[in-house]
Amino acid sequence: MTVTTEERQDEESVPRRAMMRGRIGELTVNVAVRQTIVVPTFNERDNIPTLLRRLAAVLPADETEIVFVDDSTDDTPDVIRAEAQNCAIPVTVHHRTSPVGGLGGAVVEGMRLARGAWIVVMDADLQHPPEIVPQLVAAGVRDGADLVVGSRKSGGGTNEGLENGYRRLVSGGSTMTTKVVFRNALLRVSDPMSGLFAVRASSLDVAELRPLGYKILLELIIRNRPGRIVEIPYAFQPRHAGESKSTLREGLRFIKHLSLLRFGAQRGRMIGFGLIGLSGLIPNQLALWLLVSVLGVHYVPAAVLANMIAVTWNFALIDSLLYRNHRLGRTLTSRFLRFFLLGNADLVLRVPLLALLVDGVGAGVLSANLITLVISFAVRFLILDRVIYLVRPRTVAI
Ligand code: GDD
Ligand code: MN
């Protein structure tokens, strides 16, 4: 049975989500079925028949709907429509002609179209066994959870379906990084990168989601903060047919997604902070040259003074450009003094190092100064990373 997306549009215009907000879940009159299975597809034609057959074997047709959100360039949507004729469960195909957000964007689109009290998200390639779907929903109902994650990493779950050691390494590394970055939100989630999960529709706030690529579950956990989360272990299977769409480009997209989720608006400021810091090299070196070569000042007090000038330069730019709209808390003097203190603290390291390079090794003052600035930058970064934020080295590589 097929239902076209067009027929659904009218129902969609009813502010259904707004009415469903709050934890009234399955009692809501607007919920048409118990569960909607949302399947993102990108050129998966050969997986469709088996997927539909196995889903129909374990799910009640009158309480279920299947929504495909398709970005294929092949005839997958036609195959879905044809196969839907033999499927007892109602099937919808929503083909996106100008897709946004990749896999995650497709899933969110599917969530908008879904009419189930529970929304189950799964891949089309049978790496997620369809037989587990009823268990996901049952666990959510039984435990009063908002989110049930199919986990490859909790008791009994396995990852053997990942093609090779390299994929496993990437998967393990990115999971670990993510868990470090979002320690608190992910305390109860062993597999935040899972593509298999069930979410209680009433706990969703689709408008809050900004999907970007593969990690839609992570996006959902961080931005929607579902209440109770439980996990069901499962064995990740080898791909049934076709090829994985996960590429290096997806990997880069994931890093961007992670930093957007973690820093949001702060991210722009962080880049600005780095660039302004870099620009401070110019007044620093220039002042040092003037003091030592033109005015004949000894290089140690000259380096200290040059540093102060650079810190003042950095402050002027940061205060007037970067934090223009955040200056209400303290007076200009108070902001400047604090910044100045922080900016000069590294002289404790730099001055002895400078003396060592100039007097000990016989390096030129300007190049020695530059070396100490680079070393100080690296040391400060490492302190920030390892001491202040406790990022362990092995989690850096993904
Ligand atoms: N609509 C749409 N648009 N679907 C897509 C797109 C896209 O741009 N990219 C991929 N898909 C679909 C695929 O057709 C498939 O059904 C599903 O999303 C997963 O794609 P795969 O290419 O098979 O991903 P994977 O096997 O490398 O990774 C999957 O499993 C991991 C472990 O659970 C994904 O679900 C990952 O998010 C997950 O971490
Ligand atoms: Mn796959």
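If you read the sequence from its start, that first residue is 1, and numbering goes on from there. First listed ligand is number 1; within each ligand, the first listed atom is number 1.
A salt bridge is defined here as a Lys NZ or Arg NE, NH1 or NH2 lying under 4.0 Å from an Asp or Glu carboxylate O, and Asp125 with Arg239 meets this definition. The existence of a salt bridge linking Asp143 and Arg228 is excluded, since no basic side-chain nitrogen approaches an acidic carboxylate oxygen closer than 4.0 Å. In summary, Arg210 and Glu219 do not engage in a salt bridge, as defined by a charged side-chain N under 4.0 Å from a carboxylate O. Residues Glu83 and Arg45 are not paired through a salt bridge, judged by the lack of any N-O separation under 4.0 Å between the basic side chain and the carboxylate.
No donor-acceptor pair closer than 3.5 Å links the side chain of Arg335 to the backbone N or O of Phe339. A donor-acceptor pair under 3.5 Å is formed between the side chain of Asn224 and the backbone N or O of Asp205. Not a single donor-acceptor pair under 3.5 Å links the side chain of Thr92 to the backbone N or O of Val67.
Look at Arg152 and you'll find a heavy atom under 4.0 Å from some atom of ligand 1. Within the structure, the closest approach of Leu196 to ligand 1 does not fall below 4.0 Å when heavy atoms are considered. Residue contacts with ligand 1 include His128, since one of its heavy atoms falls under 4.0 Å from the ligand. At least one heavy atom of Gly102 sits closer than 4.0 Å to an atom of ligand 1.
Protein heavy atom in closest approach to atom 5 (C) of ligand 1: Phe42 CB, 3.6 Å. Nearest to atom 22 (O) of ligand 1 among the protein's heavy atoms is Lys245 N, 2.5 Å. Given atom 18 (O) of ligand 1, the protein heavy atom at minimum distance is Leu103 CD1, 3.3 Å. For atom 39 (O) of ligand 1, the closest non-hydrogen atom of the protein is Met193 O, 2.4 Å. At the shortest separation from atom 30 (O) of ligand 1 among protein heavy atoms lies Asp123 OD2, 3.5 Å. Scanning all protein heavy atoms for the shortest distance to atom 12 (C) of ligand 1 gives Pro40 O, 3.5 Å. The closest protein non-hydrogen atom to atom 36 (C) of ligand 1 is Tyr214 CD2, 3.7 Å.
Taking the side chain as every heavy atom from C-beta outward, Phe68 and Leu51 approach each other to under 4.5 Å. Side-chain contact between His257 and Tyr214 is absent, with no heavy atoms from C-beta onward closer than 4.5 Å. In this structure, the side chains of Arg223 and Leu261 come closer than 4.5 Å at one or more pairs of heavy atoms.
At a heavy-atom cutoff of 4.0 Å, ligand 1 is contacted by the side chain of Glu44 but not by its backbone. Proximity of Val69 to ligand 1, defined as any heavy-atom pair under 4.0 Å, is confined to the backbone N, CA, C and O atoms. Here Arg96 has no heavy atoms under 4.0 Å from ligand 1, in either its backbone or its side chain. With a 4.0 Å heavy-atom cut-off, ligand 1 is reached by the backbone of Thr41 but not by any atom from C-beta on. Residue contacts with ligand 1, taken as heavy atom pairs separated by less than 4.0 Å, involve Gln127 solely via side-chain atoms from C-beta onward. Heavy atoms of Ser246 found under 4.0 angstrom from ligand 1 belong to the backbone as well as the side chain.
When each atom of ligand 1 is checked for a heavy atom of Lys215 under 4.0 Å away, the hits are 36 (C), 37 (O), 38 (C), 39 (O). Of all atoms in ligand 1, listed by their number and element, those nearer than 4.0 Å to a heavy atom of Ala124 are 16 (O). Listed by atom number, the atoms of ligand 1 under 4.0 Å from Phe236 heavy atoms are 30 (O), 32 (C), 33 (O).
One finds the OG1 atom of Thr76 at 9.0 Å from the CZ atom of Phe42 (value rounded to the nearest 0.5 Å). We find the CZ-CG distance between Arg225 and Leu220 to be 11.5 Å, quoted to the nearest 0.5 Å.
Side chains of Tyr299 and Asp359: a donor-acceptor N/O pair is present below 3.5 angstrom, by distance only. In this structure, a donor-acceptor pair under 3.5 Å is present between the side chains of Ser190 and Ser151. A side-chain N or O of Glu65 and one of Thr36 form a donor-acceptor pair less than 3.5 Å apart.
Taking any N or O of Ala106, backbone or side chain, none lies under 3.5 Å from an N or O belonging to ligand 1. The shortest N/O to N/O separation between Arg239 and ligand 1 falls below 3.5 Å.
Using bins of under 30°, 30° to 60° and over 60° for the plane-to-plane angle, the ring pair Tyr234/Phe236 lands in the perpendicular bin.
For the Mn ion (ligand 2), the count of nearby protein N, O or S atoms, meaning those under 2.8 Å away, is 2.
With distances taken over non-hydrogen atoms, the option nearest atom 1 (N) of ligand 1 out of Leu162, Val121, Asp71 is Asp71.
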Side chains of residues 279-291: which donor-acceptor partners sit under 3.5 Å, not counting sequence neighbours?
{"unit_1": "Ser279", "atom_1": "OG", "unit_2": "Ile276", "atom_2": "O", "d": "2.7"}
{"unit_1": "Ser279", "atom_1": "OG", "unit_2": "Trp313", "atom_2": "NE1", "d": "3.0"}
{"unit_1": "Asn284", "atom_1": "OD1", "unit_2": "Asn369", "atom_2": "ND2", "d": "3.2"}
{"unit_1": "Gln285", "atom_1": "OE1", "unit_2": "Asn369", "atom_2": "ND2", "d": "2.8"}
{"unit_1": "Gln285", "atom_1": "NE2", "unit_2": "Leu366", "atom_2": "O", "d": "3.1"}

